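Counting convention: from 1, in listed order, for ligands and their atoms alike. A quick note: this is a predicted structure, and the numbers were derived from the prediction, not measured.
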Amino acid sequence: MGHPIHIAPSILSADFARLADEVAAVERAGADLLHVDVMDGHFVPNLTVGPPIVESLKKVTKLPLDVHLMITNADAFIPEFAEAGADYLTVHVEACPHLHRTIQSIRERGVKAGVTLNPATPISLLQEIMGDVDLVLIMSVNPGFGGQTFIPAVFKKIAQARVMLDAINSHALLEVDGGVKVDNAREIVAAGATALVAGSAIFSEHDYTATIAAMRAAAETVVPQKSRAAVNR
Ligand code: DX5
Ligand code: ZN
């Protein structure tokens with residue numbers, strides 16, 4: 001960590017037969033977080049990994065584990081994922097009717113709490129919970145698969161989330177997930193994001209270091225809002 005923009009490779013696009021090597025490679029390549037996509041075949045039409053993989057990953061990397069739960073019954077699995085070593089646990093507002101209770105249950109286990117929402121869900125649903133989270137994740141594709149195309153309407157939602165977080169002086173990460181590439185990283189960060197998840201954009205490339213560096217360079221050409229205001233004054 002420590003970079004103004006956090007880059008979080010999503011292992012969904014990694015070679016699972018060589019998972020430890022892939023994780024070591026993105027760690028060496030300059031990643032800030034490791035994004036782990038948990039899917040249950042109910043909330044999203046795909047199946048991936050559970051707590052045992054998180055536990056194994058924890059043993060082979062120093063990167064904070066950014067665990068994205070795309071599961072119907074998130075509440076029931078929070079203890080296991082916390083125990084397995086998740087550093088961030090992010091839940092979907094659509095899957096958590098008692099969202100405040102869910103966020104408390106994550107935090108009381110010493111895990112950073114994140115909240116996310118699907119592209120068609122309005123950001124206003126997060127208004128009341130924004131002050132209680134460490135990470136807000138904006139989905140820029142319909143969750144379930146890697147390699148999909150970024151939905152441009154989401155730029156507006158990123159900007160709205162930025163305004164909401166700034167209004168309460170929150171330092172929560174504002175992370176964007178789905179279709180993030182070197183080519184759109186600048187625009188996503190200009191809208192207000194501080195963390196970028198990238199699966200296929202990183203793992204489909206031969207040189208992870210060059211790809212992460214290019215994404216970071218593109219993102220960091222954006223002048224932060226506060227210094228921009230200072231320049232204009
Ligand atoms: C989608 C997952 C994403 C996915 C992103 O459901 O939440 O994290 O891995 O993959 P790309 O970067 O390829 O769109
Ligand atoms: Zn994800």
Q: What protein heavy atom sits nearest atom 12 (O) of ligand 1, and how far off is it?
A: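 The closest one turns out to be G199 N, 2.8 Å.
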Q: Taking both backbone and side-chain atoms of L12, is any N or O found less than 3.5 Å from an N or O belonging to ligand 1?
A: no
Q: May I ask which of T149, L196, D177 has a heavy atom nearer to atom 3 (C) of ligand 1 than the others do?
A: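 Looking at heavy atoms only, D177 sits closest to atom 3 (C) of ligand 1.
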Q: Distance from D207 atom CG to I202 atom CD1, nearest 0.5 Å?
A: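 D207 atom CG to I202 atom CD1 measures 11.5 Å (nearest 0.5 Å).
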Q: Between D134 and R107, does at least one N-O distance fall below 4.0 Å, as a salt bridge requires?
A: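 A salt bridge links D134 with R107.
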Q: Which ligand 1 atoms does M70 reach within 4.0 Å, using its non-hydrogen atoms?
A: 6 (O), 7 (O)
Q: What's the separation between atom CG in L33 and atom OH in Y88, rounded to the nearest 0.5 Å?
A: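 Between L33 CG and Y88 OH, I get 6.0 Å after rounding to 0.5 Å.
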Q: How wide is the angle at the Zn ion (ligand 2) between ND1 of H68 and OD1 of D37, to the nearest 10°?
A: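 The two atoms form an angle at the metal of about 90°.
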Q: Classify the ring geometry of H92 against H68: parallel below 30°, tilted from 30° to 60°, perpendicular beyond 60°.
A: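 Ring orientation, 0 to 90° scale: parallel.
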Q: Between S105 and R101, does any side-chain donor sit less than 3.5 Å from a side-chain acceptor?
A: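 Side-chain D/A pair, S105 to R101: absent.
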Q: How far does CZ of F81 sit from OG1 of T90, to the nearest 0.5 angstrom?
A: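 Rounded to the nearest 0.5 Å, the CZ-OG1 separation comes to 12.0 Å.
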Q: So for ligand 1, is G146 a polar contact partner (N or O within less than 3.5 Å, distance only)?
A: no
Q: Which of the numbered atoms in ligand 1 are below 4.0 angstrom from a heavy atom of M39?
A: 6 (O)
Q: Which residue and non-hydrogen atom of the protein lie closest to atom 14 (O) of ligand 1, and at what distance in Å?
A: G179 N, 2.8 Å
Q: Which residue supplies the protein heavy atom nearest to atom 1 (C) of ligand 1, what is that atom called, and how far is it?
A: F145 O, 3.5 Å
Q: Taking C-beta and beyond as the side chain, do M130 and L165 meet within less than 4.5 Å on heavy atoms?
A: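 Side chain of M130 against side chain of L165, heavy atoms only: contact under 4.5 Å found.
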Q: Relative to the heavy atoms of M139, which atoms of ligand 1 are at a distance of less than 4.0 Å?
A: 7 (O)
Q: Using 0.5 Å steps for rounding, measure from the CG atom of D87 to the CG atom of L135.
A: 12.0 Å
Q: Output yes when the distance from some N or O of ligand 1 to some N or O of P143 is under 3.5 Å, and no in every other case.
A: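 In fact, backbone or side chain, P143 has no N or O that close.
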Q: Which atoms of ligand 1 have any heavy atom of G144 under 4.0 Å away?
A: 1 (C), 6 (O)
Q: Do L19 and L57 have side-chain heavy atoms sitting under 4.5 Å apart?
A: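 Side chain of L19 against side chain of L57, heavy atoms only: contact under 4.5 Å found.
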Q: Which atoms of ligand 1 sit under 4.0 Å from any heavy atom of A198?
A: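 It comes down to these atoms of ligand 1: 12 (O).
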Q: Going from CG on L89 to CG on L65, what distance comes out if it is rounded to the nearest 0.5 angstrom?
A: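 One finds 10.0 Å between CG of L89 and CG of L65.
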Q: Report, rounded to 10°, the angle at the Zn ion (ligand 2) between the two atoms NE2 (H35) and OD2 (D177).
A: 100°
Q: Output the list of atoms in ligand 1 that are nearer than 4.0 Å to some heavy atom of H35, sorted by atom number.
A: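 Ligand 1 atoms under the 4.0 Å threshold to H35: 8 (O).
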Q: Does the N or O separation between S10 and ligand 1 drop below 3.5 Å for any pair?
A: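 Yes.
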Q: Does CZ belonging to R186 count more than 12 external heavy atoms closer than 6.0 Å?
A: no
Q: Show me which atoms of ligand 1 lie under 4.0 Å from any heavy atom of H68.
A: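 The atoms of ligand 1 under 4.0 Å from a heavy atom of H68 are 7 (O).
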Q: Below 4.0 Å from ligand 1: does a non-hydrogen atom of A201 turn up there or not?
A: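 The answer is no, since A201 has no heavy atom less than 4.0 Å from ligand 1.
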Q: For the CD1 atom of I71 and the CD1 atom of I78, what is their distance to the nearest 0.5 Å?
A: 8.0 Å
Q: Which of the numbered atoms in ligand 1 are below 4.0 angstrom from a heavy atom of S200?
A: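 Every atom of ligand 1 under 4.0 Å from some heavy atom of S200: 11 (P), 12 (O), 13 (O).
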